[in-house]
Amino acid sequence: MNRSASSFLLSALSGFASLAGKASFEGLATFGDRMGDLMWYAMPGRRQYTTQTIIERLGVPADRAEQLARASFRHNARSFLEILHVHRFGFEDRGGRLHIAQPDLFDALLRSNRPIVGVTAHLGAWELFSGLLGQFDASRPRIVVVRRQGNPTLNALIMRLRSARGAEVIEHRDAARKVLRGLKHNGMAGFLVDHNCNRREAVFLPFLGKQAAVNVGPALLALRAEAEVWPIFLVREDDRYVLRFSSPLDTRLVSGERAQRIETVAAFYTQAVEEHVRAFPEQWFWMHKRWKTRPVASEAPKGAKAPEEKDLSV
């Protein structure tokens, strides 16, 4: 696609996003549900994969797995659309559309003067997470690390939408140095830590009863910056968004050799994700092939060699 065509497409997509972003939260949710139903019928392979994975990983009967799978298609479609509302959602909605489930932990996060690594998952309203992070103390770097979209025009639009509330959104392949620099300046960095990754980036850990490739980039950066690691999840409950926390991990207290410390931190955020997926299974991104990367036969069941510095990507 040439430059003029790309510019036209970006303008067209931006116009649509601006128009759609004016829709009410209720209207967007209804449209997301219908979009999810369409995906359910139009993607039989993903439908079957999602249902079977839920049966295997949660140990539920087939009829219950199908209910959860169909609900997850609806929730995931809502999540994709909610990027259009990043600019309209924030802590000003607290007490109304936004509820803080653990206000004591939220207050502790606000009071913390340490570097913060916030870890979350493709669970609930994950696209709105960047907007919340962007509203924290503007004197501190606030960074969200994301994966690049294949289409450059679409990627440019998504990056702009995600940064609407002040967070700096950077692509994961360029993230290590920028995030570490931000953390060293007492910053905050947010990561999605539940996606599959290649062996070079991973340590293999149990997740929902099966070994999964867990990205160690956030763990390594947190350790190098001596950061606190905060599991944070934004889920839907009735007509509200609920911000949920797990107690943080202070990486200064993690002991052992380098590989052991990396694995400890990665296991910490993987367990936090599992706990929330089990609590809200209908809101997780089950259609993603989370267990695609497998450990080689020569690897121990739990471990993988810590990546070399040159191989780090987050």
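With hydrogens and angles left out, the side-chain atoms of Gln52 and Glu56 include a donor and acceptor closer than 3.5 Å. Checked by atom type, the side-chain pair Arg114/Thr251 shows no donor-acceptor distance below 3.5 Å.
With sequence neighbours excluded, the residues forming a side chain to side chain donor-acceptor pair (under 3.5 Å) with Asp137 are Ser139, listed by chain and number. Residues meeting the ring-ring contact (aromatic ring centres under 6.0 Å, His included) test with Phe89, sequence neighbours left out: Tyr241. For Arg165, the salt bridge (Lys or Arg N to Asp or Glu O under 4.0 Å) test picks out Glu92, with sequence neighbours left out. Every salt bridge (Lys or Arg N to Asp or Glu O under 4.0 Å) that Arg162 has, sequence neighbours left out, goes to Glu127. Here Glu274 pairs with Arg278 under the salt bridge (Lys or Arg N to Asp or Glu O under 4.0 Å) rule; sequence neighbours left out. With sequence neighbours left out, Thr293 forms a side chain to side chain donor-acceptor pair (under 3.5 Å) with Asn196. By the salt bridge (Lys or Arg N to Asp or Glu O under 4.0 Å) test, Glu237 is found to be paired with Arg244, residues two or more places apart in sequence or in another chain being considered. With sequence neighbours excluded, no residue forms a ring-ring contact (aromatic ring centres under 6.0 Å, His included) with His75.
When atom types are taken as modelled, the side chain of Ser72 and the backbone of Ala69 share a donor-acceptor pair closer than 3.5 angstrom. The closest donor-acceptor contact from the side chain of His87 to the backbone of Leu84 lies under 3.5 Å. Using a distance-only test at 3.5 Å, with no hydrogens or angles considered, no donor-acceptor pair links the side chain of Ser79 to the main chain of Leu123.
Looking at Val86 and Leu161, their side chains never come closer than 4.5 Å, going by heavy atoms from C-beta outward. At a threshold of 4.5 Å between non-hydrogen side-chain atoms, the residues Val273 and Pro231 do not count as touching.
If you take CD on Glu201 and NE2 on His195, they are separated by 8.0 Å, rounding to the nearest 0.5 Å. One distance of note links CH2 of Trp230 with CG of Leu249; it measures 11.5 Å at 0.5 Å rounding. The CG atom of Asp104 sits 9.5 Å away from the CZ atom of Phe245 when rounded to the nearest 0.5 Å. Between atom CG of residue Asn76 and atom NE2 of residue His288 there is a gap of 11.5 Å, rounded to the nearest 0.5 Å. To the nearest 0.5 Å, the span separating CG on Leu132 from CG on Leu98 amounts to 6.5 Å.
Heavy-atom minimum distance, Arg142 versus Gln135: NH1-N, 4.4 Å. Nearest approach of Ala227 to Ile116, heavy atoms of both residues: CB-N, 4.4 Å.
Counting only residues at least two apart or on different chains, the ring-ring contact (aromatic ring centres under 6.0 Å, His included) pairs with a member in residues 22-52 are Phe25-His85, Trp40-Phe73. Listed by first and then second residue, the ring-ring contact (aromatic ring centres under 6.0 Å, His included) pairs that reach into residues 250-269 come to none, sequence neighbours excluded. Contacts classified as salt bridge (Lys or Arg N to Asp or Glu O under 4.0 Å) and involving residues 31-51 (residues at least two apart or in different chains) are given here: Asp33-Arg78, Arg34-Asp37, Asp37-Arg70, Asp37-Arg74.
Using a 4.5 Å cut-off between side-chain heavy atoms of Ile, Leu, Val, Met, Phe, Trp and Tyr, with links allowed through other members, Ile55 and Met43 fall into different hydrophobic clusters. Residues Leu110 and Ile100 are members of one and the same hydrophobic cluster, defined by side-chain heavy-atom contacts under 4.5 angstrom among Ile, Leu, Val, Met, Phe, Trp and Tyr. In the hydrophobic clustering of this structure, Trp286 does not group with Leu38; members are Ile, Leu, Val, Met, Phe, Trp, Tyr whose side-chain heavy atoms approach within less than 4.5 Å, directly or through other members. Both Phe80 and Leu192 belong to a single network of hydrophobic side chains, linked directly or stepwise wherever heavy atoms of I, L, V, M, F, W or Y lie under 4.5 Å apart.
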Result block: side-chain N/O donor-acceptor pairs under 3.5 angstrom for residues 176-191, not counting sequence neighbours:
{"unit_1": "Lys184", "atom_1": "NZ", "unit_2": "Arg224", "atom_2": "O", "d": "3.1"}
{"unit_1": "His185", "atom_1": "ND1", "unit_2": "Arg181", "atom_2": "O", "d": "2.8"}
{"unit_1": "Asn186", "atom_1": "ND2", "unit_2": "Asn113", "atom_2": "O", "d": "3.2"}

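Aromatic pair Trp284/Phe207: centroids less than 6.0 angstrom apart.
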